[in-house]
Protein chains: 2
Amino acid sequence: MDVNDVKVLLVDDEADVLDFMKYNLEKEGFWVYTARDGMEAIQLAKKINPHIIILDLMMPKLDGIETCRELRTMQEFKNTIIAFLTARDEDYSQVAGFEVGADDYITKPIKPRVFISRIRALLRRMESHSGVAKLNVGGIEIDRERYLVIKDGQEITLPRKEFELLNLLASKPGRVFKRDEILSKVWGNDTIVGDRTIDVHIRKLREKIGEDFFKTIKGIGYKFDA
Amino acid sequence: MDVNDVKVLLVDDEADVLDFMKYNLEKEGFWVYTARDGMEAIQLAKKINPHIIILDLMMPKLDGIETCRELRTMQEFKNTIIAFLTARDEDYSQVAGFEVGADDYITKPIKPRVFISRIRALLRRMESHSGVAKLNVGGIEIDRERYLVIKDGQEITLPRKEFELLNLLASKPGRVFKRDEILSKVWGNDTIVGDRTIDVHIRKLREKIGEDFFKTIKGIGYKFDA
DNA sequence: ACTCGGTTTAACCATTGCTTAACACACTCT
DNA sequence: AGAGTGTGTTAAGCAATGGTTAAACCGAGT
């Protein structure tokens with residue numbers, strides 16, 4: 001995932017800490033939102049749906065632990081990366097932190113280099129985690145681990161190429177993939193296959209998943225849409 | 001996108017804040033417009049079609065939140081970056097701000113360095129997100145990624161050549177494209193087609209998008225205009 | 001070596017959309 | 001007014017593109 005698409009929600013009651021983190025993350029191209037306490041954080045998180053949430057432990061109204069526990073009860077934040085911000089010496093809190101579902105903790109004082117690389121590490125983890133996992137689009141669930149598709153509760157198993165083609169198209173619903181783009185991403189840059197190969201696979205997919213999902217853009221390529 | 005092509009609309013009722021921001025942005029090469037209240041901002045925005053709008057929260061006539069809500073209802077500002085300007089302690093407004101479709105908020109007092117980098121971050125996001133993909137002109141949205149045109153909320157799909165022609169003309173609204181320029185850009189430098197080919201495609205576009213958008217300049221070519 | 005999915009090819013068909021040609025119209029210049 | 005130039009309109013033919021099907025191919029596992 002491109003850094004420019006990654007939303008980070010920073011939560012701390014100290015304005016200067018917030019600014020410092022925000023400045024450093026934005027310099028790297030992250031998309032940064034901030035909140036001053038747990039309540040505000042939850043409100044904001046519901047609106048913007050961040051990829052990563054950094055929670056200070058000590059906060060008024062709702063502390064980090066409680067905020068995290070709260071967030072984890074909500075379906076939409078099951079796969080969100082949550083990290084705690086903690087003063088070096090209060091590391092007893094780690095235990096409690098992981099208990100409520102934190103993914104990492106970061107110690108204050110924050111050093112820019114370390115902080116950024118930590119965030120990047122979290123990001124990588126997120127990608128390998130939910131990236132491989134499942135993808136839900138238009139009533140269809142694509143399970144990348146098990147190479148199968150679930151539609152109306154029915155498990156549909158797909159051969160490799162068909163699955164990869166579906167996976168590519170469904171990764172950006174609505175977006176048109178050019179034929180040569182499809183070829184290079186599914187078949188590889190060097191392999192040479194006939195013109196009709198893509199069509200045949202599209203046909204198989206339409207047969208198995210449904211006609212309507214795959215739209216042809218003549219002269220350009222195909223798109224997946226609900 | 002080059003900074004010199006980026007139009008920023010600043011909206012604040014305090015003249016000195018306005019000047020300060022304007023000075024700093026212009027020094028960086030941005031193209032800056034200003035308005036003193038929400039009404040004026042909307043009027044001006046419709047004329048200049050800015051890429052980024054910075055709205056102060058507290059304004060006479062129409063406050064930032066309302067202005068933003070208003071702007072977001074208009075098709076042409078669906079993809080415009082809108083950020084709020086807010087005093088540090090009134091940041092509860094974030095929640096309301098994001099609710100009406102804001103992309104970011106910037107806290108006063110403004111520090112030039114931070115301000116500029118924030119604007120650049122907004123710009124990066126705009127580009128990586130929808131910058132190249134979508135194009136909004138005169139109430140019409142051209143989505144290059146999905147290969148479709150949206151007018152009055154209606155999705156219109158166009159055949160390849162028609163889409164490319166529209167795309168060319170709409171890329172610089174108001175500017176006249178000579179017939180041979182159109183030929184070389186849409187049909188390619190070498191292909192030779194008859195005189196009436198362009199006209200027919202223009203006709204199709206007028207049929208589907210609307211008569212008024214395509215103006216004929218006799219003896220020269222065509223232009224797209226709202 | 002045979003079988004069986006899965007993948008690719010080839011041949012043919014169907015459809016779309018591009019281009020043309022013919023004519024109508026509008027405008028300008030003499 | 002009439003010729004001349006450039007554009008608008010229409011329908012029809014044609015070429016490009018994608019859809020369909022069956023059969024050939026390929027490779028892993030038996």
Side-chain angles (χ1 to χ4, degrees), chain A residues 142 144 146-149 155-169 176-225, chain B residues 146-149 155-169 176-225:
Chain A
I142 299 171
R144 289 161 157 141
R146 303 198 290 153
Y147 266 70
L148 53 79
V149 176
E155 288 192 357
I156 305 168
T157 58
L158 294 177
R160 206 172 64 245
K161 281 271 166 355
E162 282 167 45
F163 189 84
E164 279 166 13
L165 175 56
L166 171 63
N167 205 32
L168 174 68
L169 294 179
V176 175
F177 290 83
K178 301 201 186 80
R179 293 180 84 93
D180 49 2
E181 198 181 348
I182 294 172
L183 277 181
S184 73
K185 293 214 171 127
V186 176
W187 274 265
N189 267 313
D190 41 340
T191 41
I192 305 145
V193 287
D195 273 2
R196 301 274 66 73
T197 305
I198 294 178
D199 308 62
V200 173
H201 283 89
I202 287 284
R203 188 184 167 278
K204 294 259 175 75
L205 285 175
R206 293 211 243 239
E207 218 169 51
K208 292 170 185 170
I209 313 291
E211 287 287 332
D212 321 328
F213 290 106
F214 304 90
K215 275 164 195 144
T216 307
I217 313 297
K218 279 193 87 163
I220 314 287
Y222 295 91
K223 70 173 168 180
F224 179 90
D225 220 336
Chain B
R146 306 202 295 155
Y147 269 87
L148 49 81
V149 176
E155 291 189 356
I156 306 168
T157 57
L158 296 177
R160 198 177 38 175
K161 282 268 161 13
E162 282 167 44
F163 190 84
E164 280 166 11
L165 176 55
L166 171 63
N167 210 28
L168 173 67
L169 295 179
V176 178
F177 289 85
K178 300 198 191 83
R179 293 180 84 93
D180 49 1
E181 196 181 349
I182 294 172
L183 278 180
S184 73
K185 294 219 170 120
V186 176
W187 274 263
N189 270 312
D190 41 339
T191 40
I192 305 144
V193 288
D195 274 3
R196 300 276 65 73
T197 304
I198 294 178
D199 308 60
V200 173
H201 283 91
I202 288 284
R203 190 191 163 273
K204 294 258 176 76
L205 284 175
R206 294 211 243 239
E207 216 169 53
K208 291 171 185 168
I209 312 293
E211 288 288 333
D212 322 326
F213 290 106
F214 305 90
K215 278 165 194 143
T216 307
I217 314 299
K218 283 193 80 164
I220 315 285
Y222 296 91
K223 70 172 172 178
F224 179 90
D225 220 334

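Side chains included, hydrogens not; waters and symmetry mates left out as well; all remaining heavy atoms used. Chain letters run A, B, ... following the sequence lines, proteins first and then strands; every chain starts at 1.
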Participant: Among C:dT7, D:dT7, C:dA10, which nucleotide sits nearest the side chain of A:R196?
Facilitator: C:dA10

Participant: Return the minimal non-hydrogen interatomic distance between A:K218 and B:R160, and the atom names on each side.
Facilitator: O-CB, 4.2 Å

Participant: Does B:F224 have its ring centroid less than 6.0 Å away from the ring centroid of B:F214?
Facilitator: yes

Participant: For C:dT9, does OP1 or OP2 lie under 4.0 Å from any side-chain N or O of A:T197?
Facilitator: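 A:T197 to C:dT9 OP1/OP2: side-chain N or O found under 4.0 Å.
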
Participant: Between the protein and nucleotides 22-25 of chain D, list the N/O to N/O atom pairs that are separated by less than 3.5 angstrom.
Facilitator:
none

Participant: Could you tell me which non-hydrogen atom of A:K223 sits nearest to which non-hydrogen atom of B:R146, and how far apart they are?
Facilitator: NZ-O, 3.3 Å

Participant: If you count the non-hydrogen atoms of other residues, nucleotides and ligands that lie under 6.0 Å from NZ in A:K178, is the total more than 12?
Facilitator: no

Participant: Consider the side chain of B:V193, meaning its heavy atoms from C-beta on, and name the nucleotide among C:dT20, C:dT7, D:dT9 that approaches it most closely.
Facilitator: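 Selected nucleotide (nearest to the side chain): C:dT20.
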
Participant: How close or far is atom P of C:dT20 from atom NZ of B:K161, stated in whole angstroms?
Facilitator: 11 Å

Participant: May I have the distance from B:R179 (atom CZ) to D:dG8 (atom P), rounded to whole angstrom?
Facilitator: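 Interatomic distance, CZ of B:R179 to P of D:dG8: 7 Å.
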
Participant: Quick one, which residues of residues 201-222 of chain A touch DNA chain C with a heavy atom under 4.0 Å?
Facilitator: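 Here the set is A:H201, A:K204, A:K218.
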
Participant: If you compare all heavy atoms of B:I156 against all heavy atoms of B:K208, which two are closest, and at what distance to 0.1 Å?
Facilitator: CD1-O, 3.7 Å

Participant: Please report the shortest heavy-atom distance between B:L168 and B:I182, naming the atom on each side.
Facilitator: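 The answer is CD2-CA, 4.0 Å.
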
Participant: Between P on D:dT7 and CD1 on B:I182, what's the gap in Å once rounded to a whole number?
Facilitator: 10 Å

Participant: Measure across B:D212 and B:K215 and return the closest heavy-atom pair with its distance rounded to 0.1 Å.
Facilitator: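 Taking every non-hydrogen atom into account, O-CE, 3.7 Å.
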
Participant: Starting at atom CD of A:E164, determine the distance to atom P of C:dT8, rounded to an integer number of angstrom.
Facilitator: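 Whole-Å distance recorded here is 10 Å.
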
Participant: Distance check needed: C:dC13 P versus A:D195 CG, whole Å only.
Facilitator: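 That distance rounds to 19 Å.
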
Participant: Closest heavy-atom contact between A:F177 and A:L169?
Facilitator: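 Between these two residues, the closest heavy atoms are CD1-CD2, 3.5 Å.
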
Participant: At under 4.0 Å, does any side-chain N or O of B:W187 touch on OP1 or OP2 of C:dC18?
Facilitator: no

Participant: Which residue is it: A:L205, A:I217, A:I198? I am looking for the one with a side-chain contact (heavy atoms from CB on, under 4.5 Å) to A:Y222.
Facilitator: A:I198

Participant: Return the value, rounded to whole Å, for the distance between atom CD1 of B:I198 and atom P of C:dC18.
Facilitator: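 Going from CD1 in B:I198 over to P in C:dC18 covers 14 Å.
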
Participant: Just how far, in rounded Å, is C1' of C:dC12 from CG of A:D199?
Facilitator: 14 Å

